Amino acid sequence: MKFPHMARWRKAIHSVQFRFFACIAVASAVFVVVMMLSNVLFFQRYYLQQKKAKLTTIYKMINTEYDGDISVLSDRLRELENRNSVRISILDASGLSLYDTIYQQEQRGQFRSSNMEPFGSIYVYNADELEEKGYTFSQLNEQDGNTVYIALIGRLRTGDTIVLRIPTSALQENQSVNFMFLMISALVAFVACLLAGAFLGRQFTRPITEMKDVANSIAKLDFSKRYSGEYDDEIGELGKSLNQMSDYLESAILDMQHMNEQLQREIEEKQRIDDMRREFIINISHDLKTPIALIQGYAEGLRVGINESEDDKNYYCDIIVDEAKRMNYLVHQLLDLSRIELGNVVPNLSHFDAYELMEAVVEKTQVMWQEKQLHIDLSGIGEQELCADYDMLERAVMNYMTNAIDHTPMGGRICLSTGTDTRHILLAVRNEGESLATEEMDKIWDKFYKLDKSRTRVSGGGSGIGLSIVRAIMRAHHGGCGVRNVEGGVEFYLSLPKTDAARL
């Protein structure tokens, strides 16, 4: 059984944000523990050291200013006592009290105590240090036994003895209060560090999370996401490098896609050429097989003398000549188409009138359309100047015209017209007759493609090459060609660019 919550927690624990937070938490905990141990182990020692330093400073100050006359220094002594919370006692060489904080005595001989009873008992006394340095530290207890002092006992330059003491009861009280305050402060500081760690961890890992999202998008080939951080540190440099990598990958993949598309097109073109080559061989073999067979058959008939009369002999010879002409026409059509498609024939551009071109085509096909008693309408031809190769364009219109004549019923009408759109000049040949099936409108431009015998329209004068030549001619002129069904018939059209620059 899987627990998604456990998986999420496990993922969160191993995240950089959690580890960053954990590092701050551990560092904060170590800091708090060190502070607590330092307070417990070293606070008292540090406190006593600071107090001893203060007592030493006061001793040196009094030793410098005191000349044996208490009345002159009494105000100064009281100021030192009040400001530093210290008790000061000065004794002469015989042990008589010259000055004391509590009793405020300034008269010589007021107290005399050989055992220094007004100041308690000296439990620790280092005579060697006193003789060497002029002062030493000791611990004193009041007579009630409750008050403990840290005391400095020193010799003044006048020969008197000075006792400076500070009660240590404040030490225990300060240490207890300080420890409690430190505990509270440490707890507050620890919580504050945890909150700061969580915030800083989120801020620190935010650009990393953003870069992770960008990297995941790149892995899915989605290059729309970008790192948007504005930091100038190493993370910012990494984000910029990630964006650059995304740009390079996108560019490389686009180049690869273009290359693949180009390669695919080349493969498809190669396959198309191979198919066309096979189809060409099949079609040319089929189209040449019949005339070759006829020529061979009639030639053999002539050789063996099967003809019974001179008329039969002439008939055989006429058939042989006709089939040879048909083969010659087919071969020339193929050669012309190949030269145009391979670019070996470059259009020789010149300017001429569209009506002049269309009228010439009508005159050259006059015998054909008069034989079928067709009506030719040139009223749709406007005043339009063309820029093209006259012979090539005439051949294209001628193919349209002969095609229209072949597929227009007896006594029908053929209309020739011109027109324009925003960028092209249109030449059209419309004839009455049956419409073309939609699926055949693209196929009729292929080499050797012929409609069924049941159809009336047969492209290219029966060879299946005529419309392929038209398409090749218009491609050489950077134009186009097409066919569309119209009311009562079919219209073939040529599309020629208006300007020379569009085609050159």
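Since we're looking at a predicted model, the values are computed, not measured.
- Residues passing the salt bridge (charged side-chain N to carboxylate O under 4.0 Å, His left out) test with Arg45, sequence neighbours excluded: none.
- For the pair Met368 and Thr402, the minimum side-chain heavy-atom distance is below 4.5 Å.
- Heavy-atom minimum distance, Met358 versus Ser417: CE-O, 3.7 Å.
- The distance from the NZ atom of Lys51 to the OG atom of Ser85 is 7.0 Å, given to the nearest 0.5 Å.
- Residues satisfying the side-chain contact (heavy atoms from CB on, under 4.5 Å) test with Met256, not counting sequence neighbours, are none.
- Val361 places none of its side-chain heavy atoms less than 4.5 Å from the side chain of Lys364.
- The side-chain contact (heavy atoms from CB on, under 4.5 Å) check on Met410 picks up Lys372, Gln373, with sequence neighbours excluded.
- The OG atom of Ser435 lies 10.0 Å from the CD atom of Glu487; values are rounded to the nearest 0.5 Å.
- Judged by distance alone, the side chain of Asp377 and the main-chain N or O of Cys415 form no donor-acceptor pair under 3.5 Å.
- Considering only residues two or more places apart in sequence or on other chains, Lys52 meets the salt bridge (charged side-chain N to carboxylate O under 4.0 Å, His left out) condition with none of them.
- Residues Thr422 and Lys498 approach most closely at O-NZ, 3.6 Å, considering heavy atoms.
- By the side-chain contact (heavy atoms from CB on, under 4.5 Å) test, Gln264 pairs with Glu268, sequence neighbours left out.
- By the side-chain contact (heavy atoms from CB on, under 4.5 Å) test, Glu359 is found to be paired with Tyr355, Glu363, residues two or more places apart in sequence or in another chain being considered.
- Every residue two or more places apart in sequence or in another chain was checked for a side-chain hydrogen bond (donor to acceptor under 3.5 Å, both in side chains) with Asn485, and none qualifies.
- With sequence neighbours excluded, the residues that form a ring pair (Phe, Tyr, Trp, His ring centres under 6.0 Å) with Tyr390 are Phe352.
- Shown here is Glu356, whose CD atom has more than 12 heavy atoms of other residues, nucleotides or ligands within 6.0 Å.
- Under the rule for a salt bridge (charged side-chain N to carboxylate O under 4.0 Å, His left out), Glu266 has no partner lying at least two apart in sequence or in another chain.
- For the pair Ile376/Leu378, a side-chain contact is recorded, criterion being any heavy-atom separation below 4.5 Å from C-beta on.
- Arg471 contributes atom CZ, which lies 10.0 Å from atom CD1 of Ile444 (distance to the nearest 0.5 angstrom).
- In terms of heavy atoms, Pro497 sits closest to Gly479 at CD-CA, 3.8 Å.
- Using modelled atom types, no side-chain atom of Tyr400 and backbone atom of Ala428 make a donor-acceptor pair closer than 3.5 Å.
- Looking at Trp369 and Thr408, their side chains never come closer than 4.5 Å, going by heavy atoms from C-beta outward.
- Distance CD/Glu261 to CG/Leu254: 9.5 Å, rounded to 0.5 Å.
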Please tabulate, one pair per line, all N/O donor-acceptor pairs under 3.5 Å involving side-chain atoms of residues 381-388, not counting sequence neighbours.
none

- Message: Walk me through whether Leu427 and Leu393 qualify under side-chain contact (heavy atoms from CB on, under 4.5 Å).
- Response: CA-CA 10 Å; Leu427 306 178; Leu393 196 61; 4.0 Å; yes

- Item | Pair Asp353-Leu357, side-chain contact (heavy atoms from CB on, under 4.5 Å): steps then yes or no | CA-CA 7 Å; Asp353 185 68; Leu357 173 70; over 6 Å; no

- Message: Using side-chain contact (heavy atoms from CB on, under 4.5 Å), reason through Met398 and Thr365 one step at a time and then give a plain yes or no.
- Response: CA-CA 8 Å; Met398 181 72 72; Thr365 57; 3.3 Å; yes

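- Between Met392 and Ala476, the closest heavy-atom pair is CE-CB, 4.3 Å.
- Under the 30°/60° scheme for interplanar angles, the aromatic rings of Phe492 and Trp445 are found to stand perpendicular.
- Nearest heavy-atom pair, Ala354 versus Thr418, reported as atom, atom and distance to 0.1 Å: CB-CG2, 3.9 Å.
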- Message: Under the criterion side-chain contact (heavy atoms from CB on, under 4.5 Å), I'd like the reasoning laid out for Ile166 against Asn84: C-alpha separation, chi angles, the key distance, then a yes or no.
- Response: CA-CA 9 Å; Ile166 296 177; Asn84 298 285; over 6 Å; no

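- Partners of Arg484 by side-chain hydrogen bond (donor to acceptor under 3.5 Å, both in side chains), not counting sequence neighbours, listed by chain and number: Glu491.
- Remark: side-chain polar atoms of His424 are not paired, donor with acceptor, to backbone N or O of Thr420 under 3.5 angstrom.
- Partners of Asp442 by salt bridge (charged side-chain N to carboxylate O under 4.0 Å, His left out), not counting sequence neighbours: none found.
- Taken from CD1 in Ile473 to CG in Asn399, the straight-line distance is 7.0 Å, to the nearest 0.5 Å.
- Here the CD1-OG distance, from Ile425 to Ser495, works out to 9.0 Å after rounding to the nearest 0.5 Å.
- Residues Leu494 and Cys481 approach most closely at CD2-CB, 4.1 Å, considering heavy atoms.
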